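By convention in this document, chain letters (A, B, ...) are assigned in the order of the sequence lines, proteins followed by strands, and residues within each chain are numbered from 1. Note that this is a predicted model, so its numbers are computed, not measured.
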Number of protein chains: 4
Amino acid sequence: MDDEVFEHEIRVGWGDCDPARIAYTGKLPMFALEAIEAWWEHHLGGGWYQMELDRGVGTPFVHMSLNFRSPVTPRHRLKCKVRPTRLGETSIAFRVEAFQDGTLSFEGDFVCVFAVPIELKKTPPPDDIRAIVEERIRAGANAAAGQ
Amino acid sequence: MDDEVFEHEIRVGWGDCDPARIAYTGKLPMFALEAIEAWWEHHLGGGWYQMELDRGVGTPFVHMSLNFRSPVTPRHRLKCKVRPTRLGETSIAFRVEAFQDGTLSFEGDFVCVFAVPIELKKTPPPDDIRAIVEERIRAGANAAAGQ
Amino acid sequence: MDDEVFEHEIRVGWGDCDPARIAYTGKLPMFALEAIEAWWEHHLGGGWYQMELDRGVGTPFVHMSLNFRSPVTPRHRLKCKVRPTRLGETSIAFRVEAFQDGTLSFEGDFVCVFAVPIELKKTPPPDDIRAIVEERIRAGANAAAGQ
Amino acid sequence: MDDEVFEHEIRVGWGDCDPARIAYTGKLPMFALEAIEAWWEHHLGGGWYQMELDRGVGTPFVHMSLNFRSPVTPRHRLKCKVRPTRLGETSIAFRVEAFQDGTLSFEGDFVCVFAVPIELKKTPPPDDIRAIVEERIRAGANAAAGQ
């Protein structure tokens, strides 16, 4: 059984940093979003682009909350652990924890709704997506419980 | 007495939007940060660049939390209302409410600490900054109380 | 007669700058593009978003060339002068010159084609757009000739 | 002998795309810059951040010129081939060719100067950097000549 939490690696660069010599605050949500998109890509074979254009599944964000624990710099790759934490009738929550060199850089909670593209009307997710997400939530709970 | 809440206007463009034809989620925190920086600029005569390089006052973010209420598009300017909501010994909290055409697009709470540049060691803010922020918090509270 | 070259003002911020304390190179083409979109908005009443979605006129870029003359910082607003320089059967060229505090920061030449949205098939521009662009090219030539 | 041209792979995402469903023009120079920084990182063990902060070697851009050949989308990774093409007394030129699924997406020429950080005064590069760049220019010329 694969209880491993999905990890997405980001190359932090010079252009991500501000004159304080750390990644600009505005880039950190961008990194978290990239990691969530990579989670979808890993599990479905395509990211938000393919989900929206090929499958008609949009997942607009309705909430994000982040705590910044330690500055991000280009000295190490940023390793973003991503896992879904909750699946509602038409919503999904993700947790992202980002590390550099073993230290927690930031952590965040994100909520999306499933929605019809362009119209943005809420809709339940397709069954295969529901199945994948539920399995990953269970795996995450198991991993957290040390099983 | 000026109880008006500071407002910063942002031109949302084509490049801010994704294939769902709305501003990309990752841009929304960027917009809020720009509005907070504009608040500093309005009240101090310079933004984060001048605060950090000329005055030795850094204000790294430790938290942000946003709720996305209505999609942002290039059809209207984004009007961001910004006000400080709390000033601690070494921290400051801001509230940002962003509107397009009279509709709330998103709202967010942000917490920064005052810190020595580069070292990022926490430090109390200079007295003039403390005075400005306290006055604006009072004005905001008065405005909220309808006075 | 309005021979004035269109000018678009950009607020350069902390987040635009890198650890060298100047605007990151990658942001400079972004600024030029924003200025070109603002040119369209000024002359047509809507930017690329409205042109593409409401009028069915796309203008993808096929070329850009920039020379960076002087570093851009948040100390001054960036004033971007934009003018069309050439209109072909299905293409349009723009020149952008960006100044801070009277000094040339960068200059660039940009070429777009008129194209059907999504398909990206080249197509001549609508007559009203052709008329507006031709008038602005003439005005620019006159201004350059000191008339 | 390693005559292979350095290649840097970029994950193009949803947030890189605009409503035309292709990567926004302003992102393409960003991708090329990331690829050039990755070239430095590969050859020196650190990117622009380490070069500037640890070694005192800045390389600000003075010119860029790009031709956009085919739209970039999230359907394939963007493979950026990077090679230095010229080394002057205080300048260096790079060529970047970016491909998706075997098709040329865009190509560009970039010129940087070696400069003292913050002051931005031109200066010749350190000997080890000169040696690495000269070797890579020779390798590129050999590769081009089919040797």
### Message
Taking the side chain as everything from C-beta on, heavy atoms only, tell me whether A:W14 gets closer than 4.5 Å to D:E52.
### Response
yes

### Query
Is the number of heavy atoms from other residues, nucleotides or ligands under 6.0 Å of D:E89 CD greater than 12?
no

### Query
In terms of side-chain geometry, is the basic nitrogen of D:R75 or A:E41 positioned less than 4.0 Å from the acidic oxygen of its partner?
no

### Task
Give the minimum heavy-atom separation between D:Y49 and A:R21, together with the two atoms involved.
OH-O, 2.5 Å

### Query
Is the backbone N or O of A:G13 less than 3.5 Å from a side-chain atom of D:E34, with the two atoms forming a donor-acceptor pair by type?
no

### Contact winner vs chain D - A:T73, A:L33, A:L53, heavy-atom pairs under 4.5 Å
A:L53

### Query
Hey, is CG on A:D54 packed in by over 12 heavy atoms from elsewhere, all under 6.0 Å?
yes

### Query
Do other residues, nucleotides or ligands put more than 12 heavy atoms under 6.0 Å from the CZ atom of D:R86?
no

### Message
Less than 4.5 Å to any heavy atom of chain D: does that hold for the side chain of A:R11, its backbone, both, or neither?
### Response
side chain

